[in-house]
J.: 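This is the structure I have questions about; it appears just below.
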Amino acid sequence: MTTHSVSYLDNPILDTDSYKASHWLQYPPNTDATFFYVESRGGTYDRTLFFGLQAVLKARLERPVTHADVDEARDFFAAHGEPFNDEGWRYIVDTHGGRLPVRVRAVPEGSVVPTHQALVTIESTDPRTYWLPSYLETRLLRLWYPVTVATTSWHARQTIAHYLDTTSDDPAAQIPFKLHDFGARGVSSAESAGLGGMAHLVNFLGTDTVSGVLAARAYYGEPMAGFSIPAAEHSTITSWGRDHEVDAYRNMLRHFAKPGSLVAVVSDSYDIYHAIKEHWGKTLRDEVIASGATVVVRPDSGDPVEVVHRCVSLLDEAFGSTVNGKGYRVLNHVRVIQGDGVNPDSIRAILERITTAGYSADNLAFGMGGALLQKLTRDTQKFALKCSAARVDGAWRDVWKDPVTDQGKLSKRGRMTLLHHRESGTYRTVPLPGDAIAMPPEAIEPGWEEAMVTVWENGEPVREWSFADVRERAAAGG
């Protein structure tokens, strides 16, 4: 049989790990509620940019479960070797219309929060479905991916902003398009391209990942979250043949070089330095200037630090530069975009090299692909979703793990929320009293405020964020 879609993934009951099917039998007798939380337990960065929960919830928790889903799951797990909570799932369908009885609270999306703090809490809202938060771990913890991409992108933005602040006359105008998403072809799925590409757009406006733009529209109502420009690839240059390389470049100018426009041309198909010195710097120089466009030359091979520095220097020799108000040179008519070997470390190294040489960061843009959307795992920021409390015999008890073999996996205990200090901007995870959903105002110390809000309850969104909201918080987090 030929499968033409991914409809086999549509059953929400089967969007879990196999062993989860047996967990409803493993809790203590008379358990009637559980409480879980999500945190980054450290990792590459000491702060995370929280983003993507709204998309995960809408994509994975919005559709009601049906009896047909229960039938399919029952038959699957019977053949798969796992017990199945047929009664529990049919209760959800019959009593809740298939809507999942859980409450999800979280920090506002776009918040930049230090690691080791609770970012999300999940708790059951029906005593008969106390087992449900654990069952949802698989799909909810995939939140690690958009958070980690957004975090990587945000920290790259901080690096670029530092060099722009030092060397640019207008850092605010420059920063939005300094890191372009080249990652769509390097990820493992279209869904990853959408979630990851959208996460990058929290921090920047440049992208070639169409899926990310569409995801921002679908989940956050943003009509157009990112932008691109006409750009050449190697096939559109090399198809002209080596002897006609300059004609390929001229063709790009003829079609796309208009006053005020940008056009990017990959120029390393044969010899990037010859292309700059002879083709761009001599044969096409007057045409570039007369067009009124900015031509962005793209090297795509070699050592990124060495190649970018030499390309900028050669373009300076050919087109000249102007010294800006901060004493750094800005190329006339041309720029460089580096899209090969780009990662957070190489971005810093390239910018350090060219600014030390007296060139403004205005002259450069970056394209990042695999290092942005794919070269990361859940352990990049050590994300975990853990149970911290269970109500047994009518009383809440703390739940935690403390493995002697790895103190880094010590989990938090008790029902909890996150507080934010209005003046210092610091965060603190604190215990919740009794059955309180949020911290009572009278229990909050002066200067602090509740940082979490209920965003999802019993299968319905309670609070949604616009993409503009998210971007504003992320920008303020620096």
J.: Name all pairs fulfilling the ring pair (Phe, Tyr, Trp, His ring centres under 6.0 Å) condition that reach into residues 161-191, sequence neighbours left out, sorted by first residue then second.
T.: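 Listed by first then second residue: H180-F182.
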
J.: Quick check on the 6.0 Å ring-centre criterion: do Y19 and H23 meet it?
T.: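 Ring-ring flag for Y19/H23: true, centres closer than 6.0 Å.
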
J.: With R415 as the cation and W396 as the aromatic partner, state whether NZ or CZ is under 6.0 Å from the six-membered ring centre and within 45° of the axis.
T.: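 Flagged: R415 positioned over aromatic ring of W396.
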
J.: Give the ring-plane orientation class for H96 versus Y91, where under 30° counts as parallel, over 60° as perpendicular and anything between as tilted.
T.: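 The rings of H96 and Y91 stand perpendicular, inter-plane angle above 60°.
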
J.: Could you tell me whether R185 and D208 make a salt bridge, using a distance below 4.0 angstrom between a side-chain N and a carboxylate O?
T.: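 Salt bridge absent between R185 and D208.
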
J.: Charged N to carboxylate O under 4.0 angstrom, R473 versus E109?
T.: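 Salt bridge between R473 and E109, a charged N being under 4.0 Å from a carboxylate O: no.
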
J.: Can a donor-acceptor pair be found, under 3.5 Å and without considering hydrogens, that links the side chain of Q117 to the backbone of T429?
T.: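 It does hold such a pair.
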
J.: Using 0.5 Å steps for rounding, measure from the CG atom of L214 to the CD atom of E222.
T.: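 So the CG of L214 and the CD of E222 are separated by 12.5 Å.
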
J.: Can you confirm if the aromatic rings of Y130 and F35 lie within a centre distance of less than 6.0 Å?
T.: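 Judged by ring-centre distance (under 6.0 Å), F35 and Y130 do not meet the cut-off.
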
J.: Would you mind reporting whether Y135 and I13 have side-chain heavy atoms less than 4.5 Å apart?
T.: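 Answer yes - side chains close enough.
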
J.: Less than 6.0 angstrom separating the ring centers of W89 and W131, yes or no?
T.: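 Yes.
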
J.: Taking all atoms of both residues into account, what is the closest heavy-atom pair of G196 and V149, and its distance?
T.: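 Smallest interatomic distance, heavy atoms only, reads O-CG1, 3.3 Å.
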
